Amino acid sequence: MPKKGEVSIIEKRCKGCNICATYCPKKILGLREDGKMEVKDPDNCIACDLCELRCPDYAIKVEVKENNE
Amino acid sequence: MELEKYFRENKLPHIWCPGCGHGTVMSSIIRGIDKAGWDPNKVVVVSGIGCSSRAPGYMDFNTLHTVHGRAIAFATGIKLANPELKVIVLTGDGDGAAIGGNHLIHACRRNIGIKVVLFNNYIYGMTSGQYSPMTPEGSLATTSPYGNIEPPFDLCELTKSANANFVARGTVYHTRPLISYMEKAFAKDGFSYVEAISQCPTYYGRRNRLKSPVEMLEWQKKNSVDIKKAADMEPEELQGKIVTGIFADREKEEYTARYDRLISEIQGGKK
């Protein structure tokens with residue numbers, strides 16, 4: 001089974017640089033009108049971690065969902 | 001990996017600009033420290049002055065924010081006083097290559113067990129964008145309004161020639177390899193140098209037609225050449241490229257070990 005992930009945003013830290021959304025292979029992230037990042041399509045996260053690894057503000061976390069629960 | 005336990009959470013969000021690569025370099029360093037499995041109480045993180053040098057303020061280790069260019073000198077004292085400590089220096093292209101360049105080459109020459117991570121964003125960001133010894137030729141800065149006429153240092157070649165045990169260069173865009181260089185650098189006993197190509201969207205990017213953090217990452221992606229591929233390329237083809245990879249990986253004896261050995265030889269009456 002393909003990996004599934006759960007993404008969360010720490011809004012206090014997000015500066016809206018858009019790096020995570022640009023490089024998300026599933027395009028599940030997008031900027032809100034107030035300039036903070038938002039998870040628009042949470043079910044499609046494949047837990048690749050690219051957003052968390054690149055986020056310069058430690059504002060995004062990915063947790064791997066066990067057994068696709 | 002859980003980063004939070006290594007942060008001084010009350011100091012976040014940090015002061016770096018939106019999209020600044022320094023945050024990514026810092027998290028890559030923390031991931032490297034975690035992999036090394038060090039006791040945080042035995043880790044000392046030392047910095048000088050500049051945007052890069054703000055990083056230790058956010059990291060929950062023993063940290064020291066020193067004077068401009070002299071982080072390696074302080075770190076040398078720490079390592080010699082207590083060789084058991086894991087000493088990491090965080091510096092920038094201005095701090096480490098200009099005012100601190102001399103300390104850097106001599107730390108390499110001695111092969112003292114300090115790990116230096118140089119955040120190279122090609123500019124003096126904190127003082128609003130003067131060119132540094134790493135700024136590419138032709139780049140615009142407040143002090144080079146018609147384009148920089150000075151050629152930049154290749155600090156990986158320099159530190160390699162100066163006897164560093166481990167030398168690597170990575171970019172923020174290629175985050176996983178960058179983390180792997182941190183891991184390898186931290187596993188070494190001798191002197192390690194990792195150059196992390198970072199992006200300064202505020203004072204480098206906007207002046208040099210790279211209008212957003214993402215454009216700057218795309219620039220890193222487009223211009224990076226792996227060291228193995230670079231070996232088959234002509235110098236003209238490599239002009240303006242970022243050569244990434246491991247430049248040196250050797251096991252020469254570390255300085256404090258040599259120093260301690262000398263002391264025990266003298267005490268044992270062998271000298």
Side-chain angles (χ1 to χ4, degrees), chain A, chain B residues 1-32 51-52 54-55 58-60 119 121 170-180 182 196 198-202 205 211-218 220-221:
Chain A
M1 291 285 280
K3 263 204 301 187
K4 286 275 179 198
E6 191 169 336
V7 193
S8 53
I9 311 274
I10 302 171
E11 283 192 21
K12 188 184 100 173
R13 295 185 190 166
C14 178
K15 294 175 187 163
C17 69
N18 212 29
I19 290 174
C20 57
T22 306
Y23 294 110
C24 172
K26 291 298 199 181
K27 301 290 171 210
I28 69 165
L29 300 158
L31 278 176
R32 280 196 322 232
E33 275 189 14
D34 66 355
K36 300 277 183 183
M37 196 51 66
E38 181 180 43
V39 187
K40 292 193 185 287
D41 187 5
D43 295 339
N44 268 327
C45 174
I46 54 169
C48 70
D49 247 5
L50 288 175
C51 54
E52 182 181 325
L53 289 176
R54 289 208 181 98
C55 175
D57 294 284
Y58 327 121
I60 191 159
K61 308 266 171 227
V62 181
E63 276 185 48
V64 180
K65 282 191 196 168
E66 297 299 330
N67 303 322
N68 296 332
E69 78 223 30
Chain B
M1 192 213 111
E2 188 48 62
L3 291 172
E4 295 299 314
K5 62 178 175 181
Y6 297 109
F7 290 146
R8 289 183 177 141
E9 209 277 329
N10 61 336
K11 302 283 182 195
L12 295 173
H14 54 57
I15 59 149
W16 292 315
C17 302
C20 167
H22 284 14
T24 315
V25 180
M26 187 182 120
S27 62
S28 302
I29 293 164
I30 288 177
R31 288 172 200 279
C51 290
S52 63
R54 298 296 299 233
Y58 308 114
M59 300 166 74
D60 195 11
F119 297 53
N121 62 359
T171 77
V172 164
Y173 174 80
H174 303 91
T175 323
R176 283 188 208 277
L178 182 63
I179 295 166
S180 79
M182 301 296 177
S198 181
Q199 70 274 8
C200 175
T202 306
K211 291 196 177 72
S212 69
V214 167
E215 275 187 57
M216 298 196 79
L217 287 179
E218 286 297 306
Q220 291 175 11
K221 178 183 172 186

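Because the structure is a prediction, the values reported are computed rather than measured. Reminder, nothing fancy here: chain letters follow the sequence lines and each chain counts from 1. Basis for what follows: all heavy atoms, side chains included, without hydrogens, waters or symmetry-related copies.
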Distance-only, no hydrogens or angles: does the B/Q199 side chain make a donor-acceptor pair with backbone N or O of B/G19 under 3.5 Å?
yes
Determine the option with the most heavy-atom pairs under 4.5 angstrom with chain A, choosing from B/P213, B/C17, B/S27, B/G21.
B/S27
Has the side chain of B/H22 got a donor or acceptor atom that lies under 3.5 Å from a matching backbone atom of B/N121?
no
Using the rule given for side chain to side chain contact (heavy atoms under 4.5 Å, CB included), can you reason through B/C20 versus B/T202, listing the C-alpha separation, both sets of side-chain angles and the distance that settles it, and then say yes or no?
CA-CA 8 Å; B/C20 167; B/T202 306; over 6 Å; no
Quick one: are A/C51 and A/V62 in side-chain contact, heavy atoms under 4.5 Å?
yes
Quick one, B/R176 and A/L50 - any side-chain contact, counting heavy atoms below 4.5 Å?
yes
Neighbour count above 12 (heavy atom, 6.0 Å) for A/E6 CD:
no
Segment of B/L178 engaging chain A (4.5 angstrom heavy-atom cut-off):
neither
Applying a strict 4.5 Å limit to non-hydrogen atoms, the region of A/E52 in contact with chain B is both
Side chain / backbone / both / neither for B/E218 at chain A, heavy atoms under 4.5 Å:
both
Do any of residues 27-49 of chain A come closer than 4.5 Å to chain B, heavy atom to heavy atom, and if so which ones, in number order?
A/C48, A/D49
The interface call for B/V214 against chain A, heavy-atom contacts under 4.5 Å, is both
With distance as the sole test, does A/R54 use its side chain to make a donor-acceptor pair with the main-chain N or O of B/Y173 at under 3.5 Å?
yes
Please check if atom CZ in B/R54 has more than 12 non-hydrogen atoms from other residues, nucleotides or ligands closer than 6.0 Å.
no
